[in-house]
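Only this structure's heavy atoms are used, side chains among them; waters, hydrogens and symmetry mates stay out. One-based numbering, in listed order, for ligands and for the atoms of each.
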Amino acid sequence: MTGATRLAEELHRKNIPFERGVPLAPFTTFRIGGPAELLVRPRNYTQTAQAFELTQLLNVPYFFLGGGSNLLVSDYGIDGAVLHPDFPEEIQILEQNEQYLRARVPASARAPWTGKRLSELGYTGLEFLTTIPGNLGGSVIQNAGCYGWEIKDVLASITVLEKGEIREIPTAEAGFSYRNSRFKNDRSIIILAAEFKLPAGNPAEINSRIEEYKQRRLKSQPRNRRSAGSIFKNPPPEVSAEKAWQLIDRSGLRGTVIGDAEISTEHCNFIVNRGRATAADVYALIRLAEEKVFVVTGVRLEREVVLAGRFDEPGSAA
Ligand SMILES: Cc1cc2nc3c(=O)[nH]c(=O)nc-3n(C[C@H](O)[C@H](O)[C@H](O)COP(=O)(O)OP(=O)(O)OC[C@H]3O[C@@H](n4cnc5c(N)ncnc54)[C@H](O)[C@@H]3O)c2cc1C
């Protein structure tokens, strides 16, 4: 009996929802990717902790799936368990007064929904989040940001599952930096919820910032094309004064097509799915950009997008 089969039996015994062989493409903004051997949908913190513990006990590989908006899932899919919580999308108000709001939101809540709901209450600081796809947990892992804001600016604490225990970590201990946190490369930590402390703001100004950010998005990003946002991080200023998209553009890659994936003509740091792109197509473009940008500019690009599952080197026999 394989580990995954034993895991399925245990999940069934504990009433933790799961399905076998679920195609993951619909769970990603790229709309690309093969099946999850087991897609596990814990409904609360306890089930998440139980499911995670079972993967460890039974030695079954696991991957945590958020909103799938910063993700390239392999065409072969993901072996073992893909944990994809399905907590109720609700905001827990901890403290609310004329100066500030403290609120806790589950990690599986959609990030734009979270930004919108908390802004509607008349508190400021999360207007930018209304324009970032994905789930709240993913935006914490990634310290997501735009227009001069990052999620770390308004986070008070983070509730995590670490070494089988649920605990709260103050923001100062999360190791946040540009599109990074200490959770990003530590797969033993799962984000369960985030607590925000937001100052009171002027509702009209909050609304106009949300509208301004929306318009800026519409102008700068590829329209009507599936993507995972920026593929590469912008290099630090001491490495290059140019942003990732400028380096890719200068390397002559704007509009380059492999299979049905394309380096966007509208924003060179986006790779878009023109309809039938495979993960192999996208991966080949990522590798091409890395190699060509290094040859032309001397800069080694660092990936922002996360790869899940197995990827063959372009040109190698599968
Ligand atoms: C059109 C478009 C525009 C974008 N614009 C921006 C932008 O302006 N700024 C920006 O920062 N990003 C942007 N992104 C990228 C993306 O939306 C963010 O990085 C987002 O925060 C990722 O969240 P997610 O839930 O989709 O994570 P996923 O893609 O599901 O996962 C990303 C990584 O985080 C891990 N992870 C996710 N949730 C958890 C959790 N709860 N616990 C543990 N690990 C977890 C996953 O295992 C994976 O390693 C954009 C994406 C798109 C498609």
Provide the number and element of each atom of ligand 1 under 4.0 Å from a heavy atom of [X].
X      : result
Leu71  : 29 (O)
Ile189 : 43 (C)
Ala144 : 11 (O), 21 (O)
Ala228 : 51 (C), 52 (C), 53 (C)
Gly137 : 38 (N), 41 (N)
Gly134 : 24 (P), 25 (O), 26 (O)
Gly145 : 7 (C), 8 (O), 9 (N), 10 (C), 11 (O)

Open item on the list: Can you tell me which portion of Asn135 lies within the under-4.0 Å heavy-atom range of ligand 1? Options are side chain, backbone, both, or neither.
Closed with: both

Open item on the list: Could you check whether any heavy atom of Gly68 sits closer than 4.0 Å to an atom of ligand 1, since that is the contact criterion I want to use?
Closed with: yes

Task: Non-hydrogen atom of Phe183 closer than 4.0 Å to ligand 1 - done: no

Open item on the list: Ring of Phe30, cation from Arg226 - is the NZ or CZ under 6.0 Å from the centre and inside 45° of the axis?
Closed with: no

Task: Option nearest atom 38 (N) of ligand 1 (shortest heavy-atom distance, choices Gly138, Pro222, Ser220) - done: Gly138

- [ ] Ignoring angles and geometry beyond distance, decide whether Ser227 reaches within less than 3.5 Å of ligand 1 through its nitrogen or oxygen atoms.
- [x] no

